[in-house]
Number of protein chains: 2
Amino acid sequence: MLNLHRLFLLHELHRLETMSAVAQTHSMSPSAVSQQLSHLERETNVTLFEQAGRRVVLTDAGARLARRAEDVLGLLESAEAELKDAQGDVGGVLRVASFQTPLIALAPVAISVLEQGHPDLRVELAQREVEGAYEGLLAHRFEVILGEDYPGGQQVVRRGTDREGLLRDPLLLVLPDSGPWSRARTVADLADAPWALDPERTRTGLWERTYLRAAGVEPWVRFDTPDPLLQVHLVRSGHAVAFVPGIIASEHLGGTRPLRLPGDPHRSMYTAARAGAAGHPSLLAFRAALLEAAGALSDLRGLDRLGE
Amino acid sequence: MLNLHRLFLLHELHRLETMSAVAQTHSMSPSAVSQQLSHLERETNVTLFEQAGRRVVLTDAGARLARRAEDVLGLLESAEAELKDAQGDVGGVLRVASFQTPLIALAPVAISVLEQGHPDLRVELAQREVEGAYEGLLAHRFEVILGEDYPGGQQVVRRGTDREGLLRDPLLLVLPDSGPWSRARTVADLADAPWALDPERTRTGLWERTYLRAAGVEPWVRFDTPDPLLQVHLVRSGHAVAFVPGIIASEHLGGTRPLRLPGDPHRSMYTAARAGAAGHPSLLAFRAALLEAAGALSDLRGLDRLGE
DNA sequence: GGTACCATGAAGTAGAACTGCATGGTCTCG
DNA sequence: CGAGACCATGCAGTTCTACTTCATGGTACC
């Protein structure tokens, strides 16, 4: 009977490409990974990988076995989830990764909900961008992650994960309450405004620039920051205009003028978990709490809209 | 991630009922089994079994987990089989259990066939009755077993095993070449004959008695032996009449008079393997060789038939 | 051509799993 | 009812496995 831990390492090698990466990801030495994998080769009596330059590359057989290992590991995890589910055991530690805005506006509400209903569940939250969150999810450092898709971005659904829609979040513009930019009627009016935008390499920053350019505006980026709360602060003090996700609109936009945008752009937020763990009761409870929190958000449909 | 070895032990506990049996089956001390299983309980934080008198009984959750463990182990084994299959690797050791007659007439031929085609495959044969063979199969002591069903007996297909028909083997009567019993025309003529029968508690012995009684004969069992070669020897020397499986008819019945029986009774022979291992190339090769050996047996349809 | 990177081996270490032994409870049979 | 067999389990000590550390050699990159 093949050793499951070694199969896991093979699967991780398949995913992460190098033994060093596997080692680093799982806090072990490269030597240990190497030893375990060559042990696996010896016990299967099959060449699973070969040296290729300074790295190592899986053979066909190795890649095939790695995929099957994933199946086995998934089934094992679902067995574990089923066990917990059968006795309705919402408890233990649930490790979550999320990008920032849900941590501001959604997670605190969800946590409160969970503390009421499931006092034995300890939720741990880590702020990660979507890519890093997925990485941590697959490496078993998180049980659930929150992700987002912007219009025009391609949706990446990863093998072995279970994705569930959470919220369609409108993207808003915030103008200062007063001052020259408070009187803008169209996006084009803001062509010369000082913008507070997210860094260009981020999903948000990319979308913001794409949207503005589509409207014929090449923004003057006075503030380059990924922090939406800081952006709002800069708007409030009259130093910038900015985009803001609807999710933080209800609580944090005092002293500003939020507006809906032409074309009604939205981002889609979702949760993702490893497929095997999808039945885990703690996970189900967390997702339910998140949906409840999302449902409690204020309705933004009455907001003024910027012209074309 | 749950420890697979501990899950295996849980599954074995489910199957074998007591920890002692699990320990004995896998050559470890009862203490080790107990420690590993309570370790499993602690890491799942679920009560998997409870003391019940001097033994232990699985809870619902424990039984459920044990079944899921079986799924995981099956999938793991099939991954292993697929790996070997992908590189057509007929080799290593194949452990086989069989009841006696195939060992006489089928296995040697099959082994010769395999030695030709697959010199790297080492087949190890153990003589076991069907029940013991199944037990060893599930305990991973054998990869394949041979079994038989007699008319009227119920077919037991066990969970997690893959069964494949091998041969319909006619059941024959052997009479001495000469002497008073050589002239019998019907089964009833043998009412007072000295029989060499298999022990009553065996499948064969049970069928033999059932068949004779259905024909109105209460046999006088002079020799009670499970060895068909000995039975034939006793017939040849004129001391008994006996049943004999068709499978050994071609080679070992010299000096006797084999006859087909009224109603043309047959036993069905089959091979069985763990479902997960069904794709293993060594297993496929062995089954193919067995079928080839079965096909090479002499045709008995021309044999004389005893009257009703 | 120096430097960073990667896989791998040998030697020693830490931890997991096992054995042996002892204990206590339970069933069975005389 | 009592002796003996049977079973699970805990503790102490041993064995074995997986790991770390360190060193080596090969490879890619600037």
Side-chain angles (χ1 to χ4, degrees), chain A residues 1-59 61-63 65-66 69 73 76 139-140, chain B residues 1-59 61-63 65-66 69 73 76 135 139-141:
Chain A
M1 203 170 55
L2 293 179
N3 180 306
L4 197 59
H5 183 228
R6 296 202 259 262
L7 280 178
F8 174 68
L9 291 178
L10 182 71
H11 167 238
E12 286 296 83
L13 178 63
H14 187 223
R15 190 169 71 84
L16 298 169
E17 308 260 311
T18 77
M19 293 198 183
S20 291
V22 175
Q24 199 171 358
T25 302
H26 294 98
S27 310
M28 53 198 288
S29 67
S31 180
V33 176
S34 172
Q35 287 174 46
Q36 289 304 303
L37 286 176
S38 51
H39 202 316
L40 181 62
E41 267 197 318
R42 262 179 288 124
E43 70 183 355
T44 57
N45 205 28
V46 174
T47 303
L48 299 173
F49 51 90
E50 284 164 341
Q51 302 250 168
R54 64 181 168 184
R55 46 179 47 200
V56 91
V57 62
L58 289 183
T59 61
L65 185 59
L73 291 162
L76 179 61
H140 292 240
Chain B
M1 202 169 56
L2 293 179
N3 180 304
L4 196 59
H5 183 229
R6 296 202 258 263
L7 279 178
F8 174 67
L9 291 177
L10 182 70
H11 168 238
E12 286 296 84
L13 178 62
H14 187 223
R15 190 170 69 85
L16 298 169
E17 309 260 309
T18 77
M19 294 198 182
S20 292
V22 175
Q24 198 172 358
T25 301
H26 295 97
S27 309
M28 52 197 288
S29 66
S31 180
V33 176
S34 172
Q35 288 175 45
Q36 290 303 303
L37 286 176
S38 49
H39 202 318
L40 181 64
E41 268 197 317
R42 261 179 289 124
E43 70 183 355
T44 57
N45 204 27
V46 174
T47 304
L48 299 172
F49 51 90
E50 285 165 339
Q51 302 249 169
R54 63 181 169 186
R55 46 178 47 198
V56 91
V57 62
L58 289 183
T59 61
L65 185 59
L73 292 162
L76 178 62
E135 172 57 31
H140 292 239
R141 281 192 301 270

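Numbered from 1 within each chain, the chains take letters A, B, ... in sequence-line order. Quick caveat, the model's predicted, so the values are computed rather than measured. Side chains are part of it too, since the values below use all heavy atoms of this structure and drop only hydrogens, waters and symmetry mates.
- Rounded to whole Å, the distance from CZ on B:R42 to C1' on C:dA16 is 12 Å.
- The distance between atom CD of A:E41 and atom P of C:dA7, rounded to the nearest whole Å, is 13 Å.
- Rounding to the nearest 0.5 angstrom, the gap separating the OG atom in B:S38 from the CE atom in B:M19 is 7.0 Å.
- Of the candidates C:dC18, D:dT9, D:dA18, the closest approach to any side-chain atom of B:Q36 belongs to C:dC18.
- In summary, the side chains of A:E12 and A:H26 do present a donor paired with an acceptor at a separation below 3.5 Å, with no hydrogens or angles considered.
- Between atom CG of residue A:L40 and atom CG of residue A:N45 there is a gap of 11.5 Å, rounded to the nearest 0.5 Å.
- Atom CZ of A:R55 is separated from atom C1' of C:dC5 by 10 Å (rounded to the nearest Å).
- To the nearest angstrom, P of D:dC7 lies 16 Å from CG of B:L37.
- At the heavy-atom level, A:S29 lies under 4.0 Å from base atoms of the strands shown.
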Inset, instruction - Kindly indicate, with the supporting measurements, whether the criterion side chain to side chain donor-acceptor pair (under 3.5 Å) is fulfilled by A:Q24 and A:S20. - result: CA-CA 6 Å; A:Q24 199 171 358; A:S20 291; over 6 Å; no
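- Aromatic ring pairs are classed by plane angle as parallel below 30°, tilted from 30° to 60° and perpendicular above 60°; the pair A:H11 and A:F8 is tilted.
- The distance from atom CE of A:M19 to atom P of D:dG25 is 20 Å, rounded to the nearest whole Å.
- Looking at A:E41, its side chain does come within 3.5 Å of a backbone N or O of A:L48 through a donor-acceptor pair.
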Between the protein and nucleotides 10-14 of chain D, list the N/O to N/O atom pairs that are separated by less than 3.5 angstrom.
{"unit_1": "D:dG10", "atom_1": "O6", "unit_2": "B:S31", "atom_2": "OG", "d": "2.8"}
{"unit_1": "D:dC11", "atom_1": "N4", "unit_2": "B:S31", "atom_2": "OG", "d": "3.4"}
{"unit_1": "D:dC11", "atom_1": "N4", "unit_2": "B:Q35", "atom_2": "NE2", "d": "3.1"}

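- At C:dG24, none of the side-chain N or O atoms of B:Q51 fall inside 4.0 Å of OP1 or OP2 (strictly under the cut-off).
- Separating the CG atom of A:L13 from the C1' atom of C:dA7 is a distance of 11 Å, rounded to the nearest angstrom.
- Here the P atom of nucleotide C:dT26 and the CD atom of B:E50 are 15 Å apart, to the nearest Å.
- For the pair B:H5 NE2 and D:dT17 P, the interatomic distance rounds to 12 Å; values are reported in whole Å.
- Side-chain atoms of A:T18 do not come within 3.5 Å of backbone N or O of A:R55 as any donor-acceptor pair.
- Residue A:N3 has a polar side-chain atom (N or O) positioned under 4.0 Å from OP1 or OP2 of D:dA18.
- Contact annotation: B:R54 does not reach the phosphate of D:dT9 (side-chain N/O to OP1 or OP2, under 4.0 Å).
- Both A:V33 and A:A52 sit near DNA chain D, but only A:V33 has its closest nucleotide nearer the 5' end.
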